[in-house]
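Chain A is the first sequence line, chain B the second, and so forth, proteins listed ahead of strands; every chain is numbered from 1.
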Protein chains: 2
Amino acid sequence: MPTLADVGKVAGVSRGTVSNVFNHPELVRSDVRERVEAAARQLGYDGPDPRGRVLRDGKFNAIGLMPPGAYAIADMMRSPYLRELVLGVSLACDEAGVTLSLVNGMDESRTSTIRDALVDGFILGHSVDIDLVGSARRRRLPFVILESAGQDINSIRIDGRSGALIAVRHLTDLGHRNFAILSVRRTAGPPIVHMPGSRKHAITAGFALDYERLEGFATGLAEAQLSIDDVPIIETIPGDPTAGAVVFDRAPDATAILTMSDWQAISVLDEAVRRGISVPEHVSVVGFDGTAASARTTPPLTTVAHDIVGKGRLAAEMVLANASPKQIVMPVELVVRDSTAQPRG
Amino acid sequence: MPTLADVGKVAGVSRGTVSNVFNHPELVRSDVRERVEAAARQLGYDGPDPRGRVLRDGKFNAIGLMPPGAYAIADMMRSPYLRELVLGVSLACDEAGVTLSLVNGMDESRTSTIRDALVDGFILGHSVDIDLVGSARRRRLPFVILESAGQDINSIRIDGRSGALIAVRHLTDLGHRNFAILSVRRTAGPPIVHMPGSRKHAITAGFALDYERLEGFATGLAEAQLSIDDVPIIETIPGDPTAGAVVFDRAPDATAILTMSDWQAISVLDEAVRRGISVPEHVSVVGFDGTAASARTTPPLTTVAHDIVGKGRLAAEMVLANASPKQIVMPVELVVRDSTAQPRG
DNA sequence: GCGTCTTTTTGGAGCGTTCCAAGTTTTTTC
DNA sequence: GAAAAAACTTGGAACGCTCCAAAAAGACGC
């Protein structure tokens, strides 16, 4: 493969001039420029090799996005939530003319991914086991971590506690007394069921966000003289298609199902159709996230919404701006649609 | 920032040995390894800088995906079709441990994107105006182009002609005689309406796929003694939310609407709801692509389906394998659901 | 202990570019 | 037509790494 220097030799000019022909043509006299271009054509040289540029400039013009938890990059296309997050990130990347690299990071390999990715900054979804923040720090690149707090680092998270609280209040106001909670399992594996009595207070390890939401649920239930300890809690990975079935099997008496993502709520809705259970007549369902998908289900989903696209965009902008660390908490809001109603008689 | 050489100096060993500690630790005696690791810790050196590695190895361990037509990378999250395509690509990337770079390419900048992207190969969605193939060739990297033919290059396309044909046959078999066609506009801009009589034979520039499909429609109509020249043809960009409205406004007598993507068909379905037109009682609608979304609409969409995820996966595998050029044509199949029925009396 | 074989370590070469201060040529001005 | 100013070109330095052939060190057998 010809290089800048080869072209220069043929055209009888220096490397620097050839470089200028491609990058700053206005600095080169036109006859020289033409000679260089002719030489380049003759050698089949099509402009500076990005590899050399990267070393010299030290920049990749790309940011990396790593999915949270046990997700692979393919899951970012499947999850309604992640899809909107990626949309927001890509909007900012489009504007900044920067490439978006979807970097994989299943568990152990996450840290090596961080070490080796060809990016100028990261957006990290949080992981349970791994010291992502430490790895990211060591790489000395700007980064934002989502749904996780931390001093002196960029983070964006939602107010999960309030979100959970308003969801429960909405349902208790409607008169519900029998709940089930569909919580998130953050590691790969089958659903975990915690029935009342048969469990410790603490639930399987999750993200900070998950504990917060559980707390919010507990507070809301307590306000209605109910205890979360009497509520079945089922944990599934977000895309688990069996989530709905497990809920109906293990909590048949619930009149209200609280979930931690729209994706899970959709699974519940699908299973309800399969079993001839009608929503909201027999059972009320509340989603979480407020994805576009939640507005298009049958019935449209009541959900705890936040601006996912805006979150993704903001995350990308923070990475790109590389300013001093900020911790941002995004507000949530209950969007009431048709999947919740008073319990029957 | 410390470098390999700095670490070597502190540990009293050569650069090569430090490199081995990080990349081939089994080649280094353990006491030396520990000394090097200590030196690295002391200097805050966290492993070889990927910039140097890229220059030396000449590989990026990434493939680039460029969206077709006037799409930006954000649109890949919006379009049901592209979303599945990206899913397929990312599945193959996950398996190969390769990063997926979403590279932008609005029109003129596409070729420079190809020149500069930090990837080992490309998957290109076709573009109308630009000589993508030429640029990709010059970069001398393996690439696949989608929905576009070409000698001596990798390409994957669907059999659009047959797809269009079976869609029309399905509708004429049901007894439909009044059609409208919702075609694709491949450049940015508002809908273009071609009414019978007021148009030339040729339609606005599109992809090869679009012409093929128009041909297939024409053939199918001719089989039923109908002429495509009597059919209103409306061209919209795929995500245009007004597509449905334009169709109903300009082709109010149609009992059957042929589209070129599920996304457009969904827009028609939405507009039908808004106007109180019921599908399939008042009007039949056929989608194209066979996305997962098409199975979840109300009513579920009859559509010309192909294996989009498989296509994306295959494209990535071809790029990764870098074998001799293949031209692949994928079969299509009519999936009959509930959006088509006999026309009313 | 000495030669032989094996395991480790070394340091030069090269990957292709861009920057920049210094040098050279061309143009302008009087 | 010479001096000054402007325009253009040059080539060394640096970016940080990995490979590899050769050198050095260590292990082993007798």
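Among the protein residues, A/V54 comes within range of no part of the nucleic acid, since none of its heavy atoms lies under 4.0 Å from any strand.
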Mark up nucleotides 17-27 of chain C, 5' to 3', with B wherever a protein heavy atom is under 4.0 angstrom from a base atom, S wherever such an atom reaches only the sugar-phosphate, and - elsewhere. BBS--------
Step by step, would you call A/R53 with A/N61 a side-chain hydrogen bond (donor to acceptor under 3.5 Å, both in side chains)? CA-CA 11 Å; A/R53 173 134 60 200; A/N61 285 314; over 6 Å; no
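Listed for the B/N20 side chain is no donor-acceptor partner under 3.5 Å among the backbone atoms of B/P25. Proximity of a side-chain donor or acceptor of B/R140 to a complementary backbone N or O of A/M1 within less than 3.5 Å is not detected.
In this structure, B/V89 and B/I63 have side chains that are in contact, with non-hydrogen atoms separated by less than 4.5 Å. Side-chain contact between A/L124 and A/I114 is present, with heavy atoms from C-beta onward closer than 4.5 Å.
Whole-Å rounding puts the A/L43 CG to C/dG16 P distance at 14 Å. We find that CE of A/M1 is positioned 9 Å from P of C/dG16, with the value rounded to whole Å.
Bending across the helix from C/dG1-D/dC30 to C/dC30-D/dG1, expressed as the angle between its end axes from five pairs apiece, amounts to 30° (10° rounding).
Sorted by first then second residue, the side chain to side chain donor-acceptor pair (under 3.5 Å) pairs that include residues 73-84 of chain B, not counting sequence neighbours, are B/D75-B/R78, B/Y81-B/K311. The list of salt bridge (Lys or Arg N to Asp or Glu O under 4.0 Å) pairs with a residue in residues 31-44 of chain A, not counting sequence neighbours, reads A/R29-A/D31.
Between chain B and DNA chain D, the heavy-atom contact criterion of under 4.0 Å yields a 5' to 3' nucleotide range of D/dC15 to D/dC19.
Of the residues A/R137, A/R138, A/R115, the one that meets the salt bridge (charged side-chain N to carboxylate O under 4.0 Å, His left out) test with B/D46 is A/R138.
Annotation: side chain to side chain contact (heavy atoms under 4.5 Å, CB included) contacts of A/S155 (sequence neighbours excluded): A/I145, A/Q327.
Atoms CG and SG, from A/N104 and B/C93 in turn, are 9.0 Å apart once rounded to the nearest 0.5 Å.
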